[in-house]
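The structure appears right after this line, and notes come after that.
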Amino acid sequence: MRLDNKFFETDVLQVAPMLLGKTLVRTFSDGSEFRAVITETEAYRGEEDLACHASKGKTPRTEVLYAAGGKVYVYLIYGMYWLLNIVTGPKDFPQGVLIRSLDKVQGPGRVGKQLQLDKSFYGENLATSHRLWVEDIGYQCTYTAYQRIGVDYAGIWKNKLWRFVC
DNA sequence: GTAAGGATTGGC
DNA sequence: CCAATCCTTACT
């Protein structure tokens with residue numbers, strides 16, 4: 001069954017590991033469908049988390065992070081790759097989960113490429129979208145927590161074990 | 001207005 | 001090791 005907003009309105013440190021084993025579904029305009037199991041996620045939590053984009057405050061780019069959970073946050077990195085994030089938590093508590101890998105696609109940049117993401121997905125509602133959502137197929141995998149990738153600039157926050165891998 | 005740099009990847 | 005490539009943010 002499709003995950004609803006309720007699922008995503010929980011704290012990101014709960015949602016990020018719970019997403020492992022869930023199925024990501026993307027339908028394309030030609031009618032085809034892509035399904036893959038989420039195998040790696042990363043949590044970004046609050047304005048005080050220097051690795052979180054919301055650490056710079058509310059801007060046009062980070063605005064959706066302040067919404068209640070269940071929305072999509074996409075952004076272009078290095079001018080080349082659209083990274084997929086899911087906003088979590090209550091309204092006005094900026095946090096989100098980066099989808100780093102699927103069973104069939106490893107690497108956040110590759111996930112965005114496979115799903116053919118672009119800026120039109122910014123703010124997409126996963127509970128009602130007809131082209132992108134997450135399903136619970138009754139499977140929860142065991143996981144291990146690691147430090148996040150590529151956030152060496154984040155001071156003490158880089159040491160948080162907020163990356164979850166199946 | 002201008003410049004610096006990034007939650008990455010693939011190619012040299 | 002480093003270029004690709006462009007948007008966001010910070011600063012003059």
Side-chain angles (χ1 to χ4, degrees), chain A residues 3 7-24 26 34 36-90 92-126 129 132-134 141 143-166:
Chain A
L3 295 179
F7 178 90
F8 297 109
E9 284 169 17
T10 312
D11 191 276
V12 68
L13 294 180
Q14 288 235 296
V15 177
M18 281 180 67
L19 276 175
L20 299 172
K22 300 290 187 289
T23 299
L24 186 66
R26 163 81 160 105
F34 175 82
V37 176
I38 297 172
T39 57
E40 183 177 2
T41 60
E42 230 170 54
Y44 290 88
R45 186 174 187 274
E47 292 185 339
E48 52 181 10
D49 174 7
L50 295 179
C52 182
H53 287 169
S55 63
K56 288 169 182 165
K58 203 172 193 175
T59 66
R61 181 208 203 187
T62 62
E63 189 176 16
V64 76
L65 287 172
Y66 291 76
K71 298 271 180 55
V72 171
Y73 168 49
V74 289
Y75 70 94
L76 188 65
I77 188 68
Y78 302 126
M80 302 191 79
Y81 302 100
W82 288 95
L83 301 204
L84 173 63
N85 300 251
I86 299 175
V87 178
T88 63
D92 295 325
F93 185 173
Q95 43 175 253
V97 182
L98 168 65
I99 306 299
R100 291 194 63 89
S101 290
L102 307 174
D103 57 350
K104 299 171 185 168
V105 190
Q106 290 164 31
R110 289 171 170 176
V111 169
K113 185 176 171 188
Q114 173 71 43
L115 299 178
Q116 295 177 32
L117 300 181
D118 58 56
K119 62 176 179 248
S120 75
F121 281 85
Y122 186 92
E124 188 97 349
N125 189 333
L126 290 174
S129 174
L132 184 66
W133 65 89
V134 183
C141 63
Y143 64 88
T144 311
Y146 300 91
Q147 289 184 203
R148 294 176 292 180
I149 301 287
V151 295
D152 288 348
Y153 60 83
I156 62 165
W157 298 94
K158 77 178 184 197
N159 300 318
K160 298 286 182 186
L161 301 178
W162 287 356
R163 180 164 61 100
F164 307 95
V165 184
C166 276

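All chains are named by letter (A, B, ...) in the order of the sequence lines, taking the proteins before the strands, and each is independently numbered beginning at 1.
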So do [Y] and [X] actually touch side chain to side chain, heavy atoms under 4.5 Å?
X	Y	value
Gln116(A)	Arg26(A)	yes
Glu47(A)	Tyr66(A)	yes
Arg148(A)	Asp49(A)	yes

Charged N-O contact under 4.0 Å between Arg100(A) and Glu42(A) =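 Answer for the salt bridge query: yes.
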Watson-Crick/G-U partner (both atom distances under 3.5 Å) of dA7(B) |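 With both distances under 3.5 Å required, dA7(B) matches none.
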Nucleotide forming a Watson-Crick or wobble pair with dC11(C), both distances under 3.5 Å =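 Partner of dC11(C): dG1(B).
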B/S/- contact track for nucleotides 3-12 of chain B, protein heavy atom under 4.0 Å = ---BBBSS--
Please walk me through it: do Gln95(A) and Thr88(A) pass side-chain hydrogen bond (donor to acceptor under 3.5 Å, both in side chains)?
-> CA-CA 6 Å; Gln95(A) 43 175 253; Thr88(A) 63; 2.9 Å; yes
